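Throughout, a chain's letter reflects where its sequence line sits, starting with A, and its residues are numbered from 1. Please read these numbers as outputs of a predicted model, since none were measured by experiment.
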Amino acid sequence: MSYGINNDDDAGPYTGLRTASVSAQFKLASIRRQRELLPIFRHRQTLLYIIETSPVLILIGHTGSGKSTQLTQYLYEEGWTSESKAIACTQPRRVAATSVATRVAEEIGCQVGQVVGYSIRFEDMTSENTRIKYMTDGMLLRELLVDPLLSRYCVVMIDEAHERSIYTDILLCILKKVIRKRKDLRLIISSATLQAEEFANFFGPDTRIASIEGKMYPVDILYLAEPTEDYVEKTIQTIIDIHNEEPEGDILAFLTGRKEINTVVEAILDRSAPDRNNQARLLPLPLHAFLPQDQQNRIFDPAPEGARKVIISTNIAEASVTIDGIVYVIDCGYVKLRAYDPASKMESLIVSPVSKAAAIQRAGRAGRTKPGKCFRLYESQVAETILPDISVPEIQRTNLAGPILQLKSLGIENIAKLDMITPPPVELVANGLELLYSLGALDEYGKLTAGLGERMAELPLDPMLSKVLLTSSSFGCMGEVLTVAAMMSVENVFYLPEDNHTAAEMEHLKFTVDEGDHLTLYNVYQAFSIRGKRSSKWAHDKYLNYKALSRAGSVRNQLARYLDKLGAKVPSSTSLSTVDAETIRKCLVSGYFANAAKMQPDGSFKLVGSEKIVWAHPSSVMFSRSAEWVIYSELMELGEKTYMIGITKIERDWLLESAPDYYQVRRGRA
DNA sequence: GAGCACTGC
């Protein structure tokens, strides 16, 4: 059993099945009882009737209602899947797809991958027998490429649609077309209250809305009487006040980033040393995505006798990680959001006010096990007037090259004319089209190019990286580039502990090469596979993330399979490398030529084609090295500065060789 | 010169 299940729908842990005979029967009985106790059970017949009679159902299912695990089973029990059709249920997160599938498989009493399965990128746990299929929303969009009418499904449920992931938005747009052609298909959109009306308007008059209560305890919301100038300091004070004045119960505080979290953790350690009055201690625990898994798991350990747990977290605890036993929530009122500026083609992380939807979600974290309190570090009139209902949907603030490529592959030519819930700004679309054209994926009429564009759309990677991978055969370095691409697709390869920073950096240095980050990643993977024999101890000793490295191995295999399907000649193993580093770097330029920069005398870089000054990110090997010309895989504005992340040293001539058309007009400036 | 919210294909 997993704990901290990420779709927090379904309360009530119980031990897994798969034991034999008598005890299994008893557990089955208890599972049935548990299912019947969920709030959704009372509405079983009503919901089935609505689904039977109307094409679209908007389901407002509050936390703990059981919608994600039960509705699919009701439909299965009712015989919807009898004509070899299946039920699809999408989730915006991989962990949710896998953990909900695991739970439902247990409830039905089958192995995951049989009647109940899941499908996420690089991992397909389904079979011919699968009738209830959980999947990430992006995977369903990929399935549309090969099965445009989703003919293998009788019901599609888009769960957590209110989160408005880019894939959810695109799916809803396409599904609206699909249900016009497939009268037998049923669509269920699960949403929070704030978005339900908007979805209903989008799908039109045949849409029904239903609401199911959740299994939640009341949470008192408290506001500041006066605004605070320093929400970090206020968080510290509030934690101490709660600890001194409120009855027992763990605390969860939301802040925007790692730095703030560390500040608060240290302050709490300083100010709440165990005292002589037998006063209960405070046990502060940081939580953010950069922590390795074993440290993240510490938040689930019960606090020692007489201590109160305080989890200081980023947004990760808002929807991705669920912790039981939280009674007090502190909401600083802000969140870091990624924004994309089409004019400068740059991404930035900006601290912004939370949305009302997010604030509600944060408060709800206090009411999972008993009545709780939420301390909002802002005034009530701010909550009512200033905070937006929801954050800007992802489709309006992200690079659209990849999604556009997929839509083109679906035969949708005019992206601008799509019927979207909220259409993307035209500049974003123009931007994506321009990039795809320069990569050779689209021709001058905006049509997918026969060889390259079509194959790029098949690969589940950023278009620039897809281009590199597909070009690699002509450079004779496909094996090496497969490794680089796989390593770029996993996160946090290098582990930098807060307390042992320099030791870790010394170890990492042993893999570093002057040519830059991409070849350094290649080195790490080779060392892990050959010298390290893929052992976790080896990885741990080198301050490398074992989970990330093993995943890179499986991603590499999957990518090789994709390329094989596309007719490429994939080298058999990672063994002996015969190409030199220069070939790999040239191959990288074939996809990343638009991301070029030239070093300035002061160590900063000037972007090619603009006057913009950027810096090597401190995590890059190029931070402490020099290279006249470089390409980068990502640009990110953080605070005052803009950083390049993922940098490789190149020669100026390679840019002109790789993309003569692209650089012809800019040659003077380059 | 000094550091990335969170997802996903």
Side-chain angles (χ1 to χ4, degrees), chain A residues 6 90-97 119-123 135-145 160 163-171 254-262 287-291 313-321 332 334-339 347-352 354 358 361 391 394-395 397-399 401-403 405-407 409 456-463 465-466 489 491-492 494 496 498 501 505 555 558-559 562 600 602-605 613-620 622-626 634-646:
Chain A
N6 296 67
T90 71
Q91 299 288 332
R93 279 172 292 281
R94 309 156 58 104
V95 255
S119 168
I120 59 180
R121 183 172 72 154
F122 301 131
E123 201 178 331
M135 62 215 294
T136 42
D137 47 11
M139 280 308 285
L140 187 61
L141 188 59
R142 290 236 150 238
E143 281 194 13
L144 273 162
L145 296 185
E160 315 287 346
E163 292 191 18
R164 305 290 305 275
S165 86
I166 183 162
Y167 297 113
T168 288
D169 272 23
I170 296 175
L171 273 177
F254 286 99
L255 289 166
T256 71
R258 199 158 38 148
K259 222 181 203 169
E260 293 172 0
I261 288 169
N262 290 336
L287 176 63
H288 51 77
F290 276 84
L291 285 177
S313 173
T314 59
N315 240 13
I316 194 169
E318 197 176 287
S320 304
V321 175
C332 74
Y334 292 93
V335 62
K336 248 182 220 172
L337 281 180
R338 200 182 190 120
E347 294 193 307
S348 52
L349 272 179
I350 299 168
V351 176
S352 335
V354 278
Q361 177 75 16
S391 306
E394 196 184 0
I395 198 165
R397 54 177 169 90
T398 196
N399 183 337
L405 192 59
Q406 278 196 57
L407 288 168
S409 174
M456 276 172 67
E458 298 278 324
L459 290 175
L461 296 170
D462 174 81
L465 190 53
S466 295
S489 303
E491 277 132 38
N492 307 340
F494 298 101
L496 281 177
E498 226 59 70
H501 216 263
E505 278 187 326
V555 170
Q558 298 280 340
L559 285 175
Y562 272 109
Q600 307 290 108
D602 68 348
S604 69
F605 290 80
I613 300 296
V614 300
W615 299 83
H617 190 272
S619 68
S620 168
M622 219 44 87
F623 181 70
S624 51
R625 284 168 179 73
S626 68
E634 201 183 334
L635 211 55
M636 178 71 78
E637 196 181 312
L638 303 166
E640 304 285 289
K641 278 185 174 169
T642 302
Y643 293 100
M644 299 180 289
I645 297 166

Colleague: With heavy atoms of chain A within less than 4.0 Å as the criterion, where does contact along DNA chain B begin and end?
Modeller: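 That gives a stretch of B/dG1 to B/dC9.
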Colleague: Name the nucleic acid region contacted by A/Met636, choosing base, sugar-phosphate or nothing; use a 4.0 angstrom heavy-atom cut-off, strictly under.
Modeller: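 If one applies the 4.0 Å heavy-atom cut-off, A/Met636 turns out to touch nothing in the nucleic acid.
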Colleague: So what does A/Ser604 hit on the nucleic acid, given a heavy-atom distance under 4.0 Å: a base, only sugar-phosphate, or nothing?
Modeller: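 No contact.
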Colleague: Categorize A/Tyr643 for me: base, sugar-phosphate, or nothing, with a 4.0 angstrom heavy-atom threshold over every strand shown.
Modeller: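 Sugar-phosphate contact only.
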Colleague: With DNA chain B as reference, determine whether A/Ser119 or A/Leu287 sits nearer its 5' end, using the nearest nucleotide of each.
Modeller: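 The residue closer to the strand's 5' end, by nearest nucleotide, is A/Leu287.
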Colleague: Between A/Glu260 and A/Lys336, is there a salt bridge with N-O shorter than 4.0 Å?
Modeller: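 Answer for the salt bridge query: no.
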Colleague: Base, sugar-phosphate, or nothing: which does A/Leu349 touch, judged by heavy atoms less than 4.0 Å apart?
Modeller: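 The residue A/Leu349 makes base contact.
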Colleague: Run the salt bridge (charged side-chain N to carboxylate O under 4.0 Å, His left out) test against A/Glu505 and tell me which residues pass, sequence neighbours left out.
Modeller: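 With sequence neighbours excluded, A/Glu505 shows a salt bridge (charged side-chain N to carboxylate O under 4.0 Å, His left out) to no residue whatsoever.
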Colleague: Can you tell me how far CG of A/Leu171 sits from CG of A/Leu144, rounded to the nearest 0.5 angstrom?
Modeller: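 Interatomic distance, A/Leu144 CG to A/Leu171 CG, rounded to 0.5 Å: 6.5 Å.
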Colleague: Using a 4.0 Å heavy-atom cut-off across all strands, classify A/Ile645 as base, sugar-phosphate, or nothing.
Modeller: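 Base contact.
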Colleague: Once you apply a heavy-atom cut-off of 4.0 Å, does A/Thr314 come out as touching a base, just sugar-phosphate, or nothing?
Modeller: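 Sugar-phosphate, no base atom in range.
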Colleague: For A/Tyr334, look at atom OH and say whether over 12 heavy atoms of other residues, nucleotides or ligands are found less than 6.0 Å away.
Modeller: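 Result for OH/A/Tyr334: open.
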Colleague: Would you check, one step at a time, whether the test side chain to side chain contact (heavy atoms under 4.5 Å, CB included) holds for A/Gln406 with A/Ile170?
Modeller: CA-CA 10 Å; A/Gln406 278 196 57; A/Ile170 296 175; over 6 Å; no
Colleague: Considering residues at least two apart in sequence or located in another chain, which fulfil the salt bridge (charged side-chain N to carboxylate O under 4.0 Å, His left out) criterion with A/Arg338?
Modeller: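 Once residues adjacent in sequence are excluded, the partners of A/Arg338 under the salt bridge (charged side-chain N to carboxylate O under 4.0 Å, His left out) criterion are A/Glu347, A/Glu634.
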Colleague: Looking at every strand, decide which applies to A/Leu496 at a 4.0 Å heavy-atom threshold: base, sugar-phosphate, or nothing.
Modeller: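 The answer is base, as A/Leu496 lies within the cut-off (heavy atoms under 4.0 Å) of a base atom.
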Colleague: With nearest nucleotide decided by heavy atoms, which residue, A/Arg625 or A/Arg142, maps closer to the 5′ end of DNA chain B?
Modeller: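 That would be A/Arg625.
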